Structures are given as structure tokens and as C-alpha cells.
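Quick caveat, the model's predicted, so the values are computed rather than measured. Just so we're on the same page: letters track the sequence lines, and every chain starts at 1.
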Amino acid sequence: MKKEITKFQKRVYVATKKIPRGRVATYAALARFIGKPKASRAVGNALSVNPFSPQVPCHRVVKSDGEVGGFAFGTERKIALLRKEGIKVENGRIKDFRSAIVNLR
DNA sequence: GTCGTGACTAGCC
DNA sequence: CGGCTAGCCACGA
């Protein structure tokens with residue numbers, strides 16, 4: 001049985017994997033990184049079906065506003081994971097969001 | 001081949 | 001500052 005994931009999804013997973021521990025990236029940043037700055041929505045879709053949940057730090061991906069965004073296992077779960085990594089989250093928003101963002105490139 | 005949906009973003013009031 | 005609308009992309013039915 002194969003995974004049969006599309007190339008787009010693969011790119012999203014690879015980009016997400018590049019996010020170091022203790023830092024976060026926005027959907028727009030990932031979309032930009034893969035060459036589709038306006039595919040932020042598609043990026044979220046790809047992560048939602050992410051077959052590499054523990055392999056890919058999908059919980060390190062947040063919205064552009066600093067909001068945690070969504071998570072396939074529940075937003076609260078995502079927040080808990082982020083806090084474990086050292087990222088402070090308050091009321092569903094990243095604390096020091098601007099500093100927590102990583103520049104993939 | 002067409003339609004609808006979603007872990008989004010930016011702009012406008 | 002807060003809420004709403006439109007735009008954009010990929011995927012499944």
C-alpha cells in the first residue's frame with residue numbers, strides 16, 4: 001500500500017519539517033517557501049491530511065496573526081505541544097509571536 | 001468536468 | 001479594535 005500523496009503535499013511536509021524546535025512558521029510562509037504564496041489555504045489542507053503527524057511538526061504551523069490556528073487533533077492539543085517546546089501560548093495566541101517566527105528560506 | 005469545502009490572508013467599514 | 005467580505009489553492013465526490 002502506498003501513501004499516494006501529491007507533490008504539493010510532499011512539499012508542504014518537507015517545508016514543515018524544516019521548522020526547528022521552539023520556533024513556529026505561518027501557513028503563508030510555508031506557502032511562500034514552496035513557491036505558492038497564495039496557497040496558504042492549500043497548505044492547511046495538506047497538513048490536515050498529514051500522514052506524518054509525529055514526523056512532521058504540524059503543530060509548529062500557525063496563522064499570520066499569531067493565532068495558533070487549527071489542528072487535526074484539536075487546537076488545545078496543539079497549544080499544549082507548543083508550550084512543551086518552550087513556546088508560550090496565551091488565549092490561543094503565540095506570545096512573542098514576532099520572535100518565535102522562523103525564517104525558513 | 002464541475003461544485004463545494006477547508007488547519008488561511010488581506011483588505012474594508 | 002472588532003467584524004465581515006472577497007480572493008486564492010488544492011483535493012475529494
From CG of A:N45 across to P of C:dA10 the rounded distance in Å is 11 Å
| query | For A:S64, which contact category applies under a 4.0 Å heavy-atom criterion: base, sugar-phosphate, or nothing? | reply | sugar-phosphate
Between CG of A:L82 and C1' of B:dA7 the distance, given in whole Å, is 13 Å
dist A:F73:CZ -> A:S53:OG (nearest 0.5 Å) comes out at 4.5 Å
From CG of A:L47 across to C1' of C:dC9 the rounded distance in Å is 14 Å
Taking the side chain as everything from C-beta on, heavy atoms only, tell me whether A:F52 gets closer than 4.5 Å to A:T16.
no
- Task: Check whether any side-chain N or O of A:Q9 sits under 4.0 Å from OP1 or OP2 of C:dA10, and answer yes or no.
- Result: no
From CZ of A:R41 across to P of C:dG7 the rounded distance in Å is 12 Å
Taken to the nearest whole Å, NZ/A:K10 to C1'/C:dC11 is 18 Å
Next on the checklist: Check this one for me: any side-chain N or O of A:T6 less than 4.0 Å away from OP1 or OP2 of C:dC11?
Outcome noted: yes
Taken to the nearest 0.5 Å, the spacing of A:K88 NZ from A:D96 CG works out to 9.0 Å
Picking from B:dT9, B:dG6, B:dA7, the nucleotide nearest the side-chain atoms of A:C58 would be B:dA7
To the nearest 0.5 Å, atom CD1 of A:I34 lies from atom NZ of A:K36 at 7.5 Å
Whole-Å distance, A:I19 CD1 to B:dA7 C1', equals 13 Å
When rounded to the nearest 0.5 Å, the distance separating NZ of A:K18 from CZ of A:R105 is 14.5 Å
Whole-Å distance, A:D65 CG to C:dC1 P, equals 12 Å
Residues of residues 24-39 of chain A with a heavy atom under 4.0 Å from any atom of DNA chain C, listed by number, are A:K36, A:K38, A:A39
Residues passing the salt bridge (Lys or Arg N to Asp or Glu O under 4.0 Å) test with A:E76, sequence neighbours excluded, are none
Here the gap from A:K95 atom NZ to A:R83 atom CZ, rounded to the nearest 0.5 Å, amounts to 11.0 Å
### Task
Please answer whether the main-chain N or O of A:I19 pairs with a side-chain N or O of A:R60 as donor and acceptor at a distance below 3.5 Å.
yes
Parsed dot-bracket for DNA chain C after applying the Watson-Crick and G-U rules with both distances under 3.5 Å and | for other-strand partners is .||||||.|||||
message = Please classify the nucleic acid contact of A:T75 as base, sugar-phosphate, or nothing, using heavy-atom distances under 4.0 Å.
response = nothing
| message | Apply side chain to side chain contact (heavy atoms under 4.5 Å, CB included) to residues A:V68 and A:K63 and explain how you reach the verdict. | response | CA-CA 6 Å; A:V68 182; A:K63 293 216 232 163; over 6 Å; no
Between OH of A:Y13 and P of B:dA7 the distance, given in whole Å, is 14 Å
